[in-house]
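The structure under discussion appears below in the form of structure tokens.
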Amino acid sequence: MSATDVMTHPKLKPMPVSQPVELSPKPSLIGLTREEMGAALKEKGVPDKQIKMRVSQLWNWIYVRGVSDFDAMANVSKDMREMLKTHFTIARPEIVEEQVSNDGTRKWLLRFPPRGAGRPVEIEAVYIPEEGRGTLCISSQVGCSLTCSFCHTGTQRLVRNLTAEEILSQLLLARDRLGDFPDREAPQGTIMPAEGRKVSNIVMMGMGEPLYNFDSVKTALLIASDGDGLSLSKRRITLSTSGVVPEIYRTGDEIGVMLAISLHAVRDDLRDMLVPINKKYPLKELMDACRAYPGLSNARRITFEYVMLKGVNDSLEDAKGLIQLLKGIPAKINLIPFNPWPGTNYQCSDWEQIEKFADFINSAGYASPIRTPRGRDILAACGQLKSESERMRKTERLAFEAMMIANHGED
């Protein structure tokens, strides 16, 4: 299969998809802390004196070697492997659909067990390759509890939180499919960075509000950044929030990854409409939390996301207000051209106006890249990802143009 084949077939599935998820799966070892993994092994009869060694073995096989089958663990005894197979799983989620964009962006629709939702649930994860990095956008919830008026994901009500296992599994599966584990190869023609890791950066910017699922997100990101496992630098992990102020403080203290704020307005009255959580945590409280975020510097900035809505938030007065609002915060401002979706009441700002807005921000000393649309032909949309999972029934997946998040975290 040539690169041309991949690039001209946006719905191409280059590898066979995985087997369906069991409705009552065995507990997974993925997403457990070392302490939790040790306790699970002890409960199944592993002697106390072996626990630390066995956890170290499993941690290496799961997160360094990337195996998804206990039989592949060559230095684990046959009896131990049989016990593990009987009681646990390390399998990947089911891939319902894998799409490849003309620009190399990949989107996976993944299915997980119900876990209280009544039936299996589905989420989306997106991979964006660039010359010097590969960014994976990960979901934290099925649906979303927020109702941001410009966001397509927000039209899908919250079904349930994802577990730490389900959050991490998105990263493990992407690395599988891209040949990013030792002794693996990517499908021929896959577009990816020329050197280094295929998945070099991850962003918690998929479906859901990560800080409304804090504990699972924390566990998953600390495992992702563990130096003896997946070993992603915390400067290459970005968590995006609409402004859950108390958990922003906890994120800085307990996780320590890069922070992005879904801002979109510089006045409370307008942000109350665009991002309704602002009614609970208004701009002053949000900015205070940002100023207090640990380790901020010109090399470690907060990213502020700002979708450009015609006649709503794109005036030069808004740009001036943005500069005043962010005063004293080491910041980068990502300007996002809005892509309409069926049913929206908003339009994208004129390109000339977006450039004027960006020039004003740049002249004030803030980097303000205009985000390049990615994955439009496969609907890989920032803020517009929407699975078919509903608590009672599937909804029709609507067609829309969109683009995806990039340029987050350390280069």
Side-chain angles (χ1 to χ4, degrees), residues 11 13-32 37 58 61-63 65-70 72 84-85 87-100 106-127 136-144 153 156 158-181 184 186-187 198-199 202-208 210 213 216-217 219-221 223-224 229-230 378 380 385-391 394 397:
K11 293 188 178 181
K13 298 181 181 70
M15 299 171 65
V17 297
S18 58
Q19 295 300 309
V21 174
E22 303 171 52
L23 291 181
S24 299
K26 290 174 278 193
S28 178
L29 295 180
I30 296 168
L32 299 183
M37 192 180 292
L58 291 170
W61 281 111
I62 294 169
Y63 297 122
R65 306 297 298 182
V67 304
S68 56
D69 184 345
F70 290 115
L84 292 168
K85 286 192 291 183
H87 296 291
F88 304 107
T89 181
I90 51 172
R92 303 294 187 253
E94 176 189 357
I95 302 175
V96 179
E97 186 174 30
E98 179 177 37
Q99 296 174 289
V100 183
R106 288 176 178 255
K107 183 174 73 170
W108 295 281
L109 180 65
L110 305 178
R111 181 172 294 151
F112 294 110
R115 292 183 173 137
R119 60 178 59 195
V121 297
E122 296 172 355
I123 59 95
E124 291 180 330
V126 177
Y127 173 72
L136 180 68
C137 183
I138 292 176
S139 294
S140 58
Q141 296 179 311
V142 185
C144 187
T153 309
Q156 179 187 356
L158 178 68
V159 177
R160 70 169 175 85
N161 285 333
L162 295 180
T163 65
E165 171 212 345
E166 292 165 337
I167 295 168
L168 269 177
S169 289
Q170 297 171 63
L171 174 56
L172 297 176
L173 182 140
R175 293 192 66 187
D176 280 345
R177 304 292 281 186
L178 297 166
D180 203 23
F181 281 117
R184 312 283 177 85
K198 313 302 188 295
V199 181
I202 59 176
V203 291
M204 295 297 305
M205 296 182 181
M207 295 169 60
N213 187 16
S216 292
V217 168
T219 298
L221 294 186
I223 292 173
L230 291 163
I378 61 169
L385 299 182
K386 182 174 180 179
S387 76
E388 294 181 354
S389 291
E390 296 285 355
R391 190 169 294 276
K394 292 184 177 180
R397 296 179 69 202

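Note that the coordinates shown come from a computational prediction; the quantities given were computed from them, not determined experimentally.
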[atom1] of [X] to [atom2] of [Y]: how many Å apart, nearest 0.5 Å?
X      : Y      : atom1 : atom2 : answer
Tyr127 : Arg177 : OH    : CZ    : 14.0 Å
Trp61  : Phe70  : CH2   : CZ    : 13.0 Å
Thr89  : Leu29  : OG1   : CG    : 8.5 Å
Glu94  : Glu122 : CD    : CD    : 8.0 Å
Leu136 : Lys198 : CG    : NZ    : 14.5 Å
Asp69  : Lys85  : CG    : NZ    : 7.0 Å

Q | N/O donor-acceptor pair under 3.5 Å between Asn161 side chain and Asn213 backbone | A |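 Answer holds: no.
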Q. Just by distance, do the side chain of Tyr63 and the backbone of Ile223 share a donor-acceptor pair under 3.5 Å?
A.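 Checked: no pair found.
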Of the non-hydrogen atoms in [X] and [Y], which two are nearest, and what is the gap between them?
X      : Y      : answer
His87  : Lys26  : O-CB, 3.8 Å
Val67  : Ala72  : CG1-CB, 3.9 Å
Ala164 : Gly31  : CB-O, 3.8 Å
Pro93  : Leu173 : O-CD1, 3.8 Å
Ile90  : Ser28  : CA-OG, 4.4 Å
Gln141 : Gly208 : OE1-CA, 3.3 Å

With side chains defined as the heavy atoms from C-beta onward, is the minimum distance between [X] and [Y] less than 4.5 Å?
X      : Y      : value
Thr163 : Thr219 : no
Met207 : Leu162 : no
Arg106 : Glu98  : yes
Leu110 : Ile95  : yes
Leu58  : Leu84  : yes
Pro120 : Pro114 : yes
Gln170 : Ser139 : yes
Glu165 : Phe112 : no

**Q.** All side chain to side chain contact (heavy atoms under 4.5 Å, CB included) counterparts of Ser68, not counting sequence neighbours
**A.**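 Checked Ser68 against side chain to side chain contact (heavy atoms under 4.5 Å, CB included); matches are Arg92.
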Q.
Could you walk me through whether Ile138 and Val203 satisfy the side-chain contact (heavy atoms from CB on, under 4.5 Å) test, starting with their C-alpha distance in whole Å, then the side-chain angles of each, then the deciding distance to 0.1 Å, before giving a yes or no?
A. CA-CA 6 Å; Ile138 292 176; Val203 291; over 6 Å; no
